[in-house]
Amino acid sequence: MADGRPQGITEDQRQAAQLIWDYHHMRHELRPCDAAIALGCNDIGVSTYAAHLYETGLFPTLVFTGGNSAATIDVFPRGEAVHFHEHALALGVPARAMLLEPKAANTGQNIAFSREALTAVGVRPRSVLLVTMPYMERRAFATCHEQWPEVEVVCASAPLSFDAYLKTMGNEETVISMMVGDLQRVIEYPRQGFAIAQEVPEDVHAAYESLIRDGFTNHLI
């Protein structure tokens, strides 16, 4: 890592990260919704899982949302939503079922701009399925409830264990730093009016503080 720590994580760090990983999951039961929103990120697996959920018939309309960020510009140079949309097309999701929202630069805009895209085509959902990275479920849930309080929210992400996800993404330090950054936003954003408050258990907060002390700080606000 750039801070000089040796490559690889210790067992204590892995256990702390596991606590945060588990906390970020909302554990919602999948059910049919009026529309789905797949939030852009650096993980193409979000698009893969959204396409899978579409094929199961859980929703008729799928919005891909997201421009670029420092974490995705090199991976998806034409924008997160554009690459996710193309990937879903290649997996067999029909173009008529998808909407493209390529401008959002943060989670609040993901929700607000997706809502506008749905309204523009006459879709006014009473329920939405948010498809995210596994460790982004809680932040997406809290943000959507603040930005769009009247809609019913169900969260979903690819059903991977923490260790399996680390292997999939290939850089455990980056994943843990991003998880820590997401938890910071869960804690701080309600004070700024960006999201509803979420209770953070003491053991999760302690794990968060320990990982910050250990240098997993690259994605803090």
Side-chain angles (χ1 to χ4, degrees), residues 1-26 38-52 64-88 90-91 104-107 110 130-140 143 155-189 200 203-221:
M1 291 184 69
D3 62 4
R5 280 197 307 107
Q7 290 294 312
I9 61 173
T10 68
E11 181 58 23
D12 285 347
Q13 290 166 349
R14 195 203 69 77
Q15 290 180 13
Q18 179 75 62
L19 280 173
I20 294 173
W21 170 271
D22 291 342
Y23 172 72
H24 279 313
H25 282 74
M26 298 301 298
L39 280 69
C41 58
N42 65 339
D43 178 8
I44 195 67
V46 172
S47 177
T48 302
Y49 193 54
H52 166 71
F64 286 108
T65 172
N68 269 128
S69 69
T72 63
I73 186 67
D74 293 333
V75 183
F76 304 126
R78 288 176 290 112
E80 299 156 5
V82 171
H83 285 267
F84 280 24
H85 179 270
E86 291 174 351
H87 185 65
L91 292 175
N106 56 55
T107 307
N110 286 141
L130 301 181
V131 187
T132 70
M133 295 181 291
Y135 60 83
M136 195 181 175
E137 283 191 24
R138 187 171 294 276
R139 180 156 68 98
T143 302
C155 293
S157 62
L160 295 172
S161 70
F162 177 50
D163 289 336
Y165 191 76
L166 289 179
K167 291 178 182 177
T168 296
M169 297 305 291
N171 189 321
E172 56 193 14
E173 288 92 350
T174 295
V175 171
I176 294 174
S177 289
M178 293 183 75
M179 287 168 49
V180 169
D182 259 53
L183 182 50
Q184 184 193 37
R185 287 158 177 80
V186 168
I187 295 168
E188 297 295 335
Y189 278 1
V200 181
D203 60 343
V204 174
H205 205 282
Y208 163 73
E209 291 178 338
S210 74
L211 289 171
I212 289 176
R213 287 194 302 270
D214 285 350
F216 293 90
T217 57
N218 291 345
H219 293 277
L220 296 181
I221 300 169

Open item on the list: Using 0.5 Å steps for rounding, measure from the CG atom of Leu220 to the CD atom of Gln184.
Closed with: 4.5 Å
Open item on the list: Check whether Glu172 reaches the backbone of Ile9 with its side chain - one donor and one acceptor, N or O, closer than 3.5 Å.
Closed with: yes
Open item on the list: Over 60° means perpendicular and under 30° means parallel, so tell me whether His85 and Phe64 are parallel, tilted or perpendicular.
Closed with: perpendicular
Task: Expected output: side-chain Asn218 to main-chain Met178 donor-acceptor under 3.5 Å - done: no
- [ ] State whether the side chain of His25 and the backbone N or O of Tyr135 hold a donor-acceptor pair below 3.5 Å, judged by distance alone.
- [x] no
Open item on the list: With a 3.5 Å distance limit and no angle check, can you tell me whether Ser210 reaches the backbone of Ala207 through a side-chain donor-acceptor pair?
Closed with: yes
Open item on the list: I'd like to check His52 versus Leu91 (side-chain heavy atoms, cut-off strictly below 4.5 Å). Are they in contact?
Closed with: no
TODO: Evaluate the side-chain proximity of Cys41 to Phe84: yes if any heavy-atom separation is below 4.5 Å, no if none is.
DONE: yes
- [ ] Report yes if some heavy atom in the side chain of His24 is under 4.5 Å from a heavy atom in the side chain of Leu183; otherwise report no.
- [x] yes
Task: Where Leu19 and Val204 come nearest, the two heavy atoms and their spacing - done: O-CG2, 4.1 Å
Task: Exam field: side chain Arg138 to backbone Tyr23, donor-acceptor pair closer than 3.5 Å - done: yes
Open item on the list: Would you compute the distance between atom CD of Glu80 and atom OG of Ser47 and round it to the nearest 0.5 angstrom?
Closed with: 12.0 Å
- [ ] Taking the side chain as every heavy atom from C-beta outward, state whether Val82 and Glu86 have any pair of such atoms under 4.5 Å apart.
- [x] yes
- [ ] Supply the atom-to-atom distance Asn42 CG to Asn68 CG, rounded to the nearest 0.5 angstrom.
- [x] 11.5 Å
Open item on the list: Less than 3.5 Å apart, any donor N or O on the side chain of Gln13 or Asp214 sitting next to an acceptor on the other?
Closed with: yes
TODO: Measure the shortest side-chain to side-chain distance between Thr174 and Ser177 over non-hydrogen atoms and say whether it is less than 4.5 angstrom.
DONE: no
Open item on the list: As an exercise, state the distance from CE of Met133 to CG of Asp43, rounded to the nearest 0.5 Å.
Closed with: 7.0 Å
Open item on the list: If you define the side chain from C-beta out and look only at heavy atoms, does anything of Asp163 sit under 4.5 Å from Arg14?
Closed with: yes
- [ ] Output the distance between atom CG (Asp182) and atom CD1 (Ile187), rounded to the nearest 0.5 Å.
- [x] 11.0 Å
- [ ] For the residue pair Phe162 and Ile176, establish whether any side-chain heavy-atom pair is separated by less than 4.5 Å.
- [x] yes
- [ ] Verify whether one side chain among Ser157 and Glu137 offers a donor that lies under 3.5 Å from an acceptor in the other.
- [x] yes
TODO: Give a yes/no verdict on a cation-pi contact between Arg139 and Tyr189, requiring under 6.0 Å between NZ or CZ and the six-membered ring centre and an angle within 45° of the axis.
DONE: no
- [ ] Would you name the heavy atoms of Ala140 and Thr132 that are closest together and state the gap between them?
- [x] CB-CG2, 3.8 Å
Task: Thr48 to His87 - nearest heavy-atom pair and separation - done: OG1-NE2, 2.8 Å
TODO: Establish, yes or no, whether a centroid distance under 6.0 Å links the rings of Tyr208 and His205.
DONE: yes
Task: Donor-acceptor contact present, side-chain His83 to main-chain Arg78, <3.5 Å - done: yes
Open item on the list: Please verify the inter-ring angle class for Trp21 with Tyr165; under 30° counts as parallel, over 60° as perpendicular, anything in between as tilted.
Closed with: tilted
Task: Close side-chain approach of Leu39 to Val131, heavy-atom, < 4.5 Å - done: no
